[in-house]
Amino acid sequence: LAKTTQPISMDSYEGQEVNITCSHNNIATNDYITWYQQFPSQGPRFIIQGYKTKVTNEVASLFIPADRKSSTLSLPRVSLSDTAVYYCLVGEKDSNYQLIWGAGTKLIIKP
Amino acid sequence: KAGVTQTPRYLIKTRGQQVTLSCSPISGHRSVSWYQQTPGQGLQFLFEYFSETQRNKGNFPGRFSGRQFSNSRSEMNVSTLELGDSALYLCASSLTSSGSPYNEQFFGPGTRLTVL
């Protein structure tokens, strides 16, 4: 299983673009990069997943460089409601490996 | 489509008691996973069920057990409760057969268990 490293916390302001980078130096060929978002006292919510280059959906973009040893979750024009913990997971789709969730990145958006 | 539901949402028990938590997955989802979340340990995987069979298990003592019914609903049981079992217990369901969070998992709101 590829281990991931993320910043423990980040601050930003409403209307800004926020980029959260995740390092995964030992990512394997079949591994995908998946991001979840968790609000206090709620379960995590799947945000985005990618394998290489760039993936975009209605809430975020995921940038993955060619070596895939890191990835960046980009949240455009954040609002106060984007204050949450963001988890980066790296692993093989359809794998039954026991998952280890890191501490995630606590993102605080200020007015 | 209704999301993952968990009951009860809040529970207070005393040490030594046992507790049963319930999870109803999204209709059509056959994989159900359980997690424990605490401020100190974060999200920890308990076990995963698919078609009434436990396929994967985390590193928790035998006091933690679960089962899944033919309608994919799942229950987890914790016996002989300890103070350290106080946590948010989350259930997640998945449409894919792997039950892995590397495929999209849908989480419920959790059951907040307090052990006194």
Side-chain angles (χ1 to χ4, degrees), chain A residues 1-9 22 24 26-52 55 57-60 62 64 68 71 84-106, chain B residues 3-6 9-10 21 23-26 29 31-51 53-60 86-114:
Chain A
L1 289 172
K3 180 175 163 56
T4 61
T5 303
Q6 308 173 231
I8 293 174
S9 64
C22 178
H24 28 82
N26 61 338
I27 189 169
T29 303
N30 293 334
D31 286 347
Y32 277 72
I33 299 151
T34 308
W35 286 82
Y36 282 81
Q37 172 194 56
Q38 187 179 24
F39 298 114
S41 297
Q42 292 186 29
R45 181 177 73 109
F46 177 95
I47 302 176
I48 197 166
Q49 183 179 69
Y51 182 80
K52 62 179 180 179
V55 179
N57 62 21
E58 63 276 7
V59 298
L62 179 59
I64 306 167
R68 304 200 326 124
S71 57
V85 177
Y86 292 82
Y87 296 95
C88 167
L89 308 177
V90 175
E92 185 175 340
K93 274 182 149 182
D94 299 323
S95 76
N96 283 325
Y97 297 137
Q98 185 184 138
L99 173 70
I100 299 174
W101 293 67
T105 298
K106 186 171 184 179
Chain B
V4 177
T5 57
Q6 294 187 244
R9 292 294 311 278
Y10 301 92
L21 312 181
C23 171
S24 293
I26 292 172
H29 288 195
S31 168
V32 174
S33 299
W34 288 89
Y35 295 85
Q36 180 196 66
Q37 187 170 34
T38 60
Q41 298 297 318
L43 259 166
Q44 292 186 284
F45 172 76
L46 280 156
F47 28 65
E48 186 253 341
Y49 286 87
F50 181 83
S51 292
T53 301
Q54 187 182 88
R55 295 194 302 185
N56 209 353
K57 189 177 188 302
N59 293 326
F60 278 81
S86 294
L88 180 67
Y89 289 88
L90 292 161
C91 163
S93 74
S94 174
L95 181 61
T96 66
S97 60
S98 76
S100 165
Y102 305 122
N103 291 306
E104 184 173 2
Q105 281 197 323
F106 295 83
F107 283 80
T111 294
R112 174 74 63 186
L113 172 65
T114 301

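These figures come from a predicted structure and were not determined experimentally. Chain A is the first sequence line, chain B the second, and so forth, proteins listed ahead of strands; every chain is numbered from 1.
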- Pick one of side chain, backbone, both or neither for B/Gln6, based on which atoms fall under 4.5 Å of a heavy atom in chain A.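 No part of B/Gln6 comes within 4.5 Å of chain A.
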- Closest-packed option against chain B by number of heavy-atom pairs under 4.5 Å, given A/Ala103, A/Pro44, A/Gly43: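 Most heavy-atom pairs within the cutoff with chain B belong to A/Pro44.
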- Leading residue by heavy atom contact count with chain B [cutoff under 4.5 Å; candidates A/Gly104, A/Ser41, A/Gly102]: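 Most heavy-atom pairs under 4.5 Å with chain B: A/Ser41.
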- Item | All ring pair (Phe, Tyr, Trp, His ring centres under 6.0 Å) counterparts of A/Tyr87, not counting sequence neighbours |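 If we apply the ring pair (Phe, Tyr, Trp, His ring centres under 6.0 Å) test to A/Tyr87, skipping adjacent residues, the hits are A/Trp101.
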- Test ring pair (Phe, Tyr, Trp, His ring centres under 6.0 Å) applied to A/Tyr51 - qualifying residues, sequence neighbours left out: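 Testing A/Tyr51 for ring pair (Phe, Tyr, Trp, His ring centres under 6.0 Å), a comparison that skips the adjacent residues, returns A/Tyr32.
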- Query: How about A/Ile27 and A/Ile33: do any of their side-chain heavy atoms sit closer than 4.5 Å?
  - Reply: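 The answer is yes, as the side chains (C-beta and beyond) meet within the 4.5 Å cut-off.
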- Item | Any side-chain donor near an acceptor of the partner, B/Ser33 and B/Glu48, under 3.5 Å |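 There is no such pair (donor and acceptor under 3.5 Å, judged by atom type) between the side chains of B/Ser33 and B/Glu48.
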